[in-house]
K.L.:
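Pasting in a structure now, in structure tokens, and then I'll have a few things to ask.
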Amino acid sequence: MRDAVARFVHDGDTVVIEGFTHLICFAAGHEIIRQGRRNLTLARLTPDLIYDQMIAAGCARKLTFSWAGNPGVGSLHAFRRAVEGKGAAPLEIEEYSHFGMVARFSAGAARLPFWPLRNYMGTDLPRVNPRIRTVTCPYTGEQLATVPALNPEVTIVHAQRADAEGNTQIWGLLGVQKEAAFASQRVIVVVEELVDQSVIRSDPNRTVIPGMIVHGVVVEPWGAHPSYVQGYYDRDNDFYLAWEPISRDPDKLARYLDEFIYAVPDRAAYVRKQPGLAARLRAGERFSSGVNYGF
Amino acid sequence: MRDAVARFVHDGDTVVIEGFTHLICFAAGHEIIRQGRRNLTLARLTPDLIYDQMIAAGCARKLTFSWAGNPGVGSLHAFRRAVEGKGAAPLEIEEYSHFGMVARFSAGAARLPFWPLRNYMGTDLPRVNPRIRTVTCPYTGEQLATVPALNPEVTIVHAQRADAEGNTQIWGLLGVQKEAAFASQRVIVVVEELVDQSVIRSDPNRTVIPGMIVHGVVVEPWGAHPSYVQGYYDRDNDFYLAWEPISRDPDKLARYLDEFIYAVPDRAAYVRKQPGLAARLRAGERFSSGVNYGF
Amino acid sequence: MAAVAARELRDGEVVFVGIGLPNLACNLARRTHAPRLVLIYESGAIGAVPERLPVSIGDPALVTGSSMVCGMADVFQSILQSGRIEVGFLGGAQVDRYGNINTTVVGSYERPAVRLPGSGGAAEIAIHARRLLIVSKLSLRAFPERVDFITSPGQRHDGVPRSRLGMPGAGPVKVITDKAILEADEATGEMVLAALYPRVDDADVRREVGWSLRRRPRLGRVEPPSATEVRLLREVLDPRRLYLKG
Amino acid sequence: MAAVAARELRDGEVVFVGIGLPNLACNLARRTHAPRLVLIYESGAIGAVPERLPVSIGDPALVTGSSMVCGMADVFQSILQSGRIEVGFLGGAQVDRYGNINTTVVGSYERPAVRLPGSGGAAEIAIHARRLLIVSKLSLRAFPERVDFITSPGQRHDGVPRSRLGMPGAGPVKVITDKAILEADEATGEMVLAALYPRVDDADVRREVGWSLRRRPRLGRVEPPSATEVRLLREVLDPRRLYLKG
């Protein structure tokens with residue numbers, strides 16, 4: 001992870017660490033914080049705790065997003081302090097709805113400059129975000145909303161498994177992992193398990209990201225904690241609850257960053273610091289059966 | 001199949017039987033021929049033998065397509081006779097490229113009136129098809145090509161398996177089965193096997209079409225022959241070769257329709273007429289292994 | 001509110017489920033009068049049958065045993081935008097006279113007094129769901145005459161009806177609160193008082209609404225939760241009281 | 001032609017593979033100098049390792065053991081349109097002076113003398129592949145000065161260079177025939193004679209080309225297939241001679 005971040009994530013980049021609740025790569029976010037990246041434009045649908053931590057650590061100049069909360073719990077307080085003018089540094093924001101963000105990644109993946117969608121009429125979002133525009137349909141004459149393509153410099157995708165060439169398989173919630181990866185100039189895949197290519201090739205319909213668009217593969221077990229990986233470990237809902245008082249208090253938040261990010265060299269050390277994780281969160285077994293690819 | 005076609009396919013409809021080489025539902029095409037449907041607009045990327053047969057049988061008024069040949073073999077002669085003015089009846093055509101047809105189904109599935117794509121500059125296609133138009137990007141000012149949405153009255157999708165509610169799983173080549181189904185007003189799913197919903201629910205990422213958009217589920221083993229079904233039976237390449245001389249000669253073609261379509265009541269009888277099929281084409285075994293959906 | 005909201009769902013309908021109370025309401029309906037309800041979560045789980053109460057809209061329990069999982073591009077384009085969602089559920093920090101919802105900011109957008117999470121999928125759900133149910137506790141702060149920011153559009157925007165703005169869905173048809181049910185008036189688009197909970201009167205509701213609330217000529221009575229509804233909610237669906245307070 | 005075409009491929013490249021000779025050429029390259037070639041078929045198979053010679057572009061042997069299978073919307077949007085295909089291969093009933101290809105009609109579009117299959121994916125491959133190789137047997141009928149219909153665009157259209165028309169790819173850089181290799185001239189966009197097969201001279205080629213063919217100042221010599229190439233093609237890749245004639 002250290003080498004991948006050093007090589008592919010640069011100051012000033014637009015960085016995407018995607019994953020909708022599922023497969024959020026905290027390991028990558030922590031390493032970016034440790035390496036002290038600055039002036040990043042962070043983009044994802046739900047900033048979640050990971051971007052709250054990166055904002056608190058001073059990595060971000062700008063945030064592009066569609067829902068900034070701690071799901072089912074409350075606020076992202078580092079984000080709120082920055083936006084409400086109470087933080088250490090200003091934070092520029094560019095705001096869409098989920099559909100808008102999904103469409104921006106879809107346009108980016110297809111290398112089209114925009115994506116049309118039927119949306120935003122009657123809302124105040126286009127008033128505060130001039131990048132939400134309209135286009136006239138050449139068949140019906142009706143006006144449709146548009147959003148511009150999002151083509152980040154680097155996207156980091158967490159996944160269950162990949163082979164050495166980066167052919168990556170995901171099951172469970174897919175979010176916009178595929179679109180974000182295809183939209184990006186550089187792609188880092190972080191996996192729970194590196195597998196032989198025969199595993200991938202035995203079930204090619206399970207592959208979501210092809211190796212040809214992947215620049216680096218990092219093996220990092222528990223790399224998504226406190227987010228989760230279907231079939232590997234459950235979401236650490238207790239930690240999401242615990243984040244509320246931590247993030248509410250800038251001092252507590254600074255101590256959290258010190259203890260769990262700056263003071264640990266890597267993910268393995270982070271996991272060792274929390275010895276109960278496996279016992280508490282390791283996934284149960286609900287195996288699917290195989291299908292026949294013969295002919 | 002008889003009931004599904006009687007109920008959901010009407011004279012004058014736009015009908016889509018999709019499947020790219022894989023999963024082409026000949027059983028449905030034959031039943032439509034048997035029930036004597038007329039004035040259909042047939043749409044698919046590759047008309048293949050199935051639409052050649054339906055054109056020969058007089059079902060079609062119009063064909064919308066992007067590649068009309070017998071892959072690796074030669075021509076679709078009933079189609080050619082109609083277009084070259086040598087057939088029994090005229091056939092209107094509306095022609096795109098594969099990307100254009102895929103984009104038409106994508107627009108239809110999203111219920112947008114058009115889809116933008118970077119294509120067709122320097123080709124003669126827009127000259128002969130005025131429905132290929134352009135739109136100006138509201139961000140860059142550049143012109144992009146557009147195609148109009150395709151929203152057929154009925155789409156028929158062949159698949160490996162579904163449950164009684166129509167939740168449908170496909171592996172191997174996916175073509176535009178998903179987009180065509182979502183674009184359609186009515187959807188008939190034809191499967192090799194009806195399975196209990198527990199089979200579908202044990203591997204939900206394998207589901208391509210949700211039951212909520214399906215109007216009828218038909219169980220029809222060998223329903224795609226001479227096309228193929230990954231994991232069930234191989235493509236009958238000998239029949240595709242044999243089609244060349246049959247389709248070249250209108251009398252031979254009429255005799256084929258008589259013998260294999262009009263004279264058989266259903267797909268089971270069609271299969272019984274060709275006793276060697278299973279021995280010749282039954283798929284070998286190349287099972288994938290399962291993945292863990294536990295948490 | 002969960003039990004009242006559940007009764008608005010008809011068997012076999014396709015529902016876009018939000019987290020919290022809407023999720024409780026949908027799972028209650030599925031276990032009482034609407035066993036064939038199709039639950040769709042914006043995270044991509046279709047036909048979910050969660051074995052535990054999901055804490056978030058992306059909970060792994062929504063995936064295991066569901067009938068389909070798809071990417072979010074499919075959810076928003078091919079399922080929501082295509083008009084296949086029959087019922088949407090939204091809450092909101094503010095709900096106004098025309099059912100416009102604010103989940104973005106209290107105060108001005110540029111210098112907010114309180115920065116809220118934003119739209120998520122709410123804007124498009126309010127635009128596309130064939131009908132929308134709003135669930136929100138009644139208070140003067142939550143029901144102003146005009147919201148500070150329109151995140152999700154209601155029946156009218158600056159006096160223009162939603163159909164004239166090109167919105168496909170019918171918009172908010174009901175607002176389910178903890179004291180009353182409001183309904184959209186067909187002629188004016190205003191949210192009007194339609195039914196009262198037991199032991200609540202007209203004035204109790206008016207006191208917590210920031211506009212001059214009109215009422216249906218005849219008010220309905222909201223039935224209290226049945227013993228079955230209470231048991232399912234407290235013992236089966238939310239035994240740890242994550243969403244049920246009191 | 002298959003062996004000559006194979007030599008144009010570099011190890012590790014991403015190739016959009018058509019059926020027939022291009023497929024033979026790609027699989028030959030994979031077994032000789034380019035083991036890391038990534039074969040992508042428009043049907044959605046990525047990293048295919050076919051165990052038998054595929055008869056069609058949708059053959060099941062392309063799926064079994066491949067590294068990914070995706071839908072055709074992904075193939076055309078996220079892989080081809082996004083500029084990730086390094087080499088495309090096309091054949092054609094007619095190829096003209098500027099490398100424009102016709103696979104649509106002989107004669108007029110409205111009343112064709114011969115109706116051909118049409119574009120399939122050819123138009124977009126010619127527009128987006130970073131470079132395009134054309135494979136076609138030489139004959140006066142197949143190489144007219146101007147094609148009857150432009151299915152897939154070459155270097156110029158009505159005198160306008162392709163870059164000015166907004167096409168991202170470099171277009172046809174070589175035409176591989178059974179007697180010679182033509183190349184696109186950088187300045188004029190014309191296909192010019194670049195190399196000859198053994199025992200073929202300048203005049204043999206000119207006789208079968210419908211325009212006044214220019215030539216490079218110095219012509220290359222096409223090496224005949226090596227013993228290994230011949231053995232692989234005849235014994236391993238196409239033992240039933242589906243695509244190799246003579």
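First the proteins, then the strands, lettered A, B, ... as listed; each starts at 1.
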K.L.:
Which of residues 128-143 of chain A have a heavy atom under 4.5 Å from any heavy atom of chain C?
P.N.:
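Within residues 128-143 of chain A, near chain C: A:Val128.
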
K.L.:
Does a side-chain heavy-atom distance below 4.5 Å link A:Met101 with C:Phe76?
P.N.:
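No, too far: nothing below the 4.5 Å cut-off.
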
K.L.:
Test C:Thr104 against A:Glu95 for side-chain contact (heavy atoms from CB on, under 4.5 Å), laying out the working first.
P.N.:
CA-CA 10 Å; C:Thr104 303; A:Glu95 182 168 2; 3.8 Å; yes

K.L.:
Using a 4.5 Å cut-off on heavy atoms from C-beta on, say whether the side chain of C:Ile57 contacts that of A:Pro71.
P.N.:
no

K.L.:
Using 0.5 Å steps for rounding, measure from the OG atom of C:Ser66 to the CG atom of A:Leu173.
P.N.:
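Result: 8.5 Å between the selected atoms.
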
K.L.:
Kindly indicate whether the side chain of C:Asp59, heavy atoms from C-beta on, has any atom under 4.5 Å from the side chain of A:Thr21.
P.N.:
no

K.L.:
Locate the shortest heavy-atom distance separating A:His98 from C:Glu124; write the atom from each residue and the value.
P.N.:
N-OE2, 3.4 Å

K.L.:
Check whether any side-chain heavy atom of C:Gln77 sits under 4.5 Å from a side-chain heavy atom of A:Trp115, and report yes or no.
P.N.:
yes

K.L.:
Output yes when a side-chain donor or acceptor of C:Gln81 lies under 3.5 Å from a complementary backbone atom of A:Arg118, and no otherwise.
P.N.:
yes

K.L.:
Heavy-atom pairs under 4.5 Å with chain A - which of C:Ala113, C:Gly107, C:Cys70 has more of them than the others?
P.N.:
C:Ala113

K.L.:
Is there side-chain contact between C:Val105 and A:Glu84, with heavy atoms separated by less than 4.5 Å?
P.N.:
no

K.L.:
Any idea which heavy atoms bring A:Gly122 and C:Ile150 closest together, and the distance?
P.N.:
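That would be O-CG2, 3.2 Å.
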
